[in-house]
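What you see is a predicted model; the values in this text were computed from it and never measured. In what follows, chains are A, B, ... by sequence order, proteins preceding strands, each numbered from 1.
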Protein chains: 2
Amino acid sequence: MSRKQSVTDSDVGDMLTQKGYRRTAGRMALLEILSKTRRPLSIAEIIRLWKKDPLDQATLYRALEDFARTGVVHRSDLNTGTARYEYLHGRPHHHHLVCAKCELVEDVEVCVITEAQKKVLQRSSSFTAVYSHNLEFFGLCTACSKV
Amino acid sequence: MSRKQSVTDSDVGDMLTQKGYRRTAGRMALLEILSKTRRPLSIAEIIRLWKKDPLDQATLYRALEDFARTGVVHRSDLNTGTARYEYLHGRPHHHHLVCAKCELVEDVEVCVITEAQKKVLQRSSSFTAVYSHNLEFFGLCTACSKV
DNA sequence: ACACTAATGCGAATCATTCGCAATAAAACC
DNA sequence: GGTTTTATTGCGAATGATTCGCATTAGTGT
């Protein structure tokens, strides 16, 4: 009913089938982890959360790249040197709040850019289309600001 | 004369001295390159533009990191996998337009985020300060959209 | 000229990410 | 159910970006 906040096993499986992927144990588990975590995860974090047997990195990278290409997950580089991947839960896109010290990442649901994007395109001298944007805020989380 | 659009040798040198750096040939040349280019440069691009003798990468990385730490240049990762550095010309900050195909990067001078940043902080549950943001737009440049 | 220390150069190390290729295992087809 | 097709996996090695250690060089202040 209404908007889903989490995803069940069969949902994850359906999603895979629907996008033309195969329902493999690995990709199910990966989507499981991503869908339960409402923020961008680095590869290292995913590996840490991984409960199944040994995890091959190449396989993980390939699956994530696959998912990102078809829009199942969103990839973002938050100036931390490593890519992060986030399950979109059907949301078109959103932004992030990144702690400059500990790299804690929080989602920002509001988006104030859409109209501005048009202006940017109008003023540009060498672009003919703008179809997306990344907006990340940097600051200090409560824990880090105490230190 | 008001706002400087480019930087002379002595300006670059003064900047170094003022920030507590030494006026070395390498750092002068590096700032020279950066200040003449009004967009974020990747390490590879800098090396390509380098006219002086052999260029050591470790030295280059260290200088750029140094400059970024004191705010002389700004580092941004534009989801291209490599960091880029841009001379700020005294501007506080600004945004970019990135071609999804050829990675052409254009500066966007307007900033519409400052007020929004405050709202983001207010709504956040685990951050106590937001002091900067990155905003990058992705699209297609004129050349790439023709193909 | 001298001392102090930032900056450099070089090679090796590390980290993230990708590639090649043979082995597995879904999905589809008989 | 057995077979074919082909996506996905696993492994090891390659690549690319970035960092480190350490001895050497060269600005800067005295």
Side-chain angles (χ1 to χ4, degrees), chain A residues 9-10 12-34 40-48 50-70 72-73 75-85 103 105, chain B residues 9-10 12-34 40-48 50-70 72-85 103:
Chain A
D9 271 42
S10 66
V12 167
D14 292 348
M15 143 78 72
L16 286 172
T17 308
Q18 183 192 324
K19 293 279 180 179
Y21 299 121
R22 292 182 178 173
R23 288 168 177 256
T24 69
R27 295 194 168 199
M28 295 277 274
L30 172 57
L31 280 185
E32 206 65 41
I33 290 173
L34 288 170
L41 290 175
S42 67
I43 302 287
E45 286 174 307
I46 294 174
I47 291 176
R48 219 169 295 135
W50 196 262
K51 296 208 174 77
K52 313 262 170 204
D53 15 45
L55 168 58
D56 180 65
Q57 302 208 351
T59 304
L60 179 55
Y61 273 99
R62 276 186 290 232
L64 287 170
E65 190 193 313
D66 252 24
F67 292 160
R69 193 160 28 71
T70 57
V72 177
V73 304
R75 170 187 166 152
S76 51
D77 298 356
L78 304 176
N79 282 18
T80 55
T82 51
R84 285 160 198 271
Y85 296 86
E103 297 190 0
V105 180
Chain B
D9 272 42
S10 67
V12 167
D14 290 350
M15 145 76 75
L16 286 171
T17 308
Q18 184 192 323
K19 292 278 183 181
Y21 299 121
R22 290 181 180 175
R23 289 168 177 255
T24 69
R27 295 193 167 199
M28 295 277 276
L30 172 56
L31 280 185
E32 208 64 39
I33 290 173
L34 287 170
L41 290 176
S42 67
I43 302 286
E45 286 174 306
I46 294 173
I47 290 177
R48 219 170 294 136
W50 196 262
K51 298 209 173 76
K52 314 263 170 201
D53 16 45
L55 169 57
D56 180 65
Q57 302 208 352
T59 304
L60 179 55
Y61 274 99
R62 275 186 289 235
L64 288 169
E65 190 194 312
D66 253 23
F67 292 160
R69 192 160 29 72
T70 57
V72 176
V73 304
H74 178 250
R75 171 187 166 152
S76 52
D77 298 356
L78 305 177
N79 283 19
T80 56
T82 51
R84 285 160 197 273
Y85 296 86
E103 297 191 0

Could you check how far [atom1] of [X] sits from [atom2] of [N], rounded to whole Å?
| X | N | atom1 | atom2 | answer |
| --- | --- | --- | --- | --- |
| B/Tyr61 | D/dT18 | OH | P | 3 Å |
| B/Glu45 | D/dA17 | CD | P | 12 Å |
| B/Leu60 | D/dT18 | CG | P | 10 Å |
| B/Arg69 | C/dA7 | CZ | C1' | 13 Å |
| B/Leu64 | C/dT8 | CG | C1' | 14 Å |
| B/Gln57 | C/dC10 | CD | C1' | 12 Å |
| A/Glu65 | C/dC19 | CD | C1' | 11 Å |
| B/Ile43 | D/dT19 | CD1 | C1' | 12 Å |

task = Go through D/dT8, C/dT8, D/dA17 for me and flag the one nearest to the B/Arg27 side chain.
result = C/dT8

request  = Counting heavy atoms from C-beta on, name the nucleotide in C/dA7, D/dT8, D/dA17 closest to the side chain of A/Asp66.
outcome  =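 Among C/dA7, D/dT8, D/dA17, the one nearest the side chain of A/Asp66 is D/dT8.
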
inquiry  = Distance check, rounded to the nearest 0.5 Å: B/Arg75 atom CZ versus B/Arg69 atom CZ?
reply    =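 Nearest 0.5 Å value for the CZ-CZ distance: 13.0 Å.
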
request  = Rounded to the nearest 0.5 Å, what's the gap from CD on A/Gln57 to CD1 on A/Ile46? Could you check?
outcome  = 11.0 Å

key: Per-nucleotide pairing state of DNA chain C [Watson-Crick or G-U, under 3.5 Å; [ ] pseudoknot-crossing; | other strand]   = ||||||||||||.|||.|||||||||||||

If I compare all heavy atoms of [X] with all of [Y], which pair ends up nearest, and what's the gap?
| X | Y | answer |
| --- | --- | --- |
| A/Arg84 | A/Ser42 | CG-N, 3.7 Å |
| A/Arg23 | A/Leu16 | CA-CD1, 4.1 Å |
| B/Asp77 | A/Gly81 | OD2-N, 3.9 Å |
| A/Ala29 | A/Trp50 | CB-CH2, 4.0 Å |

task = Please assess A/Asp66 against A/Lys19 for the test side chain to side chain contact (heavy atoms under 4.5 Å, CB included), listing each intermediate value before the final yes or no.
result = CA-CA 10 Å; A/Asp66 252 24; A/Lys19 293 279 180 179; over 6 Å; no

Whichever of B/Gly81 and B/Thr24 has its nearest DNA chain D nucleotide further upstream toward 5' = B/Gly81

message = Between the base of D/dA7 and the side chain of A/Arg22, is there a donor and acceptor pair under 3.5 angstrom?
response = yes

request  = Could you run through nucleotides 11-16 of chain D and give me one letter per nucleotide, 5' to 3': B if any protein heavy atom sits under 4.0 Å from the base, S if only the sugar-phosphate is that close, - if neither?
outcome  = BB----

message = Is it the case that the side chain of A/Tyr85 and the backbone of A/Phe67 share a donor-acceptor pair, with hydrogens and angles ignored and the cut-off at 3.5 Å?
response =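 Not at all, since once roles are kept as given, no pair shorter than 3.5 Å links the two residues.
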
task = Only one of A/Leu41, A/Leu30, A/Val72 passes side chain to side chain contact (heavy atoms under 4.5 Å, CB included) with A/Leu64; say which it is.
result =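 Output: one option passes, namely A/Leu30.
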
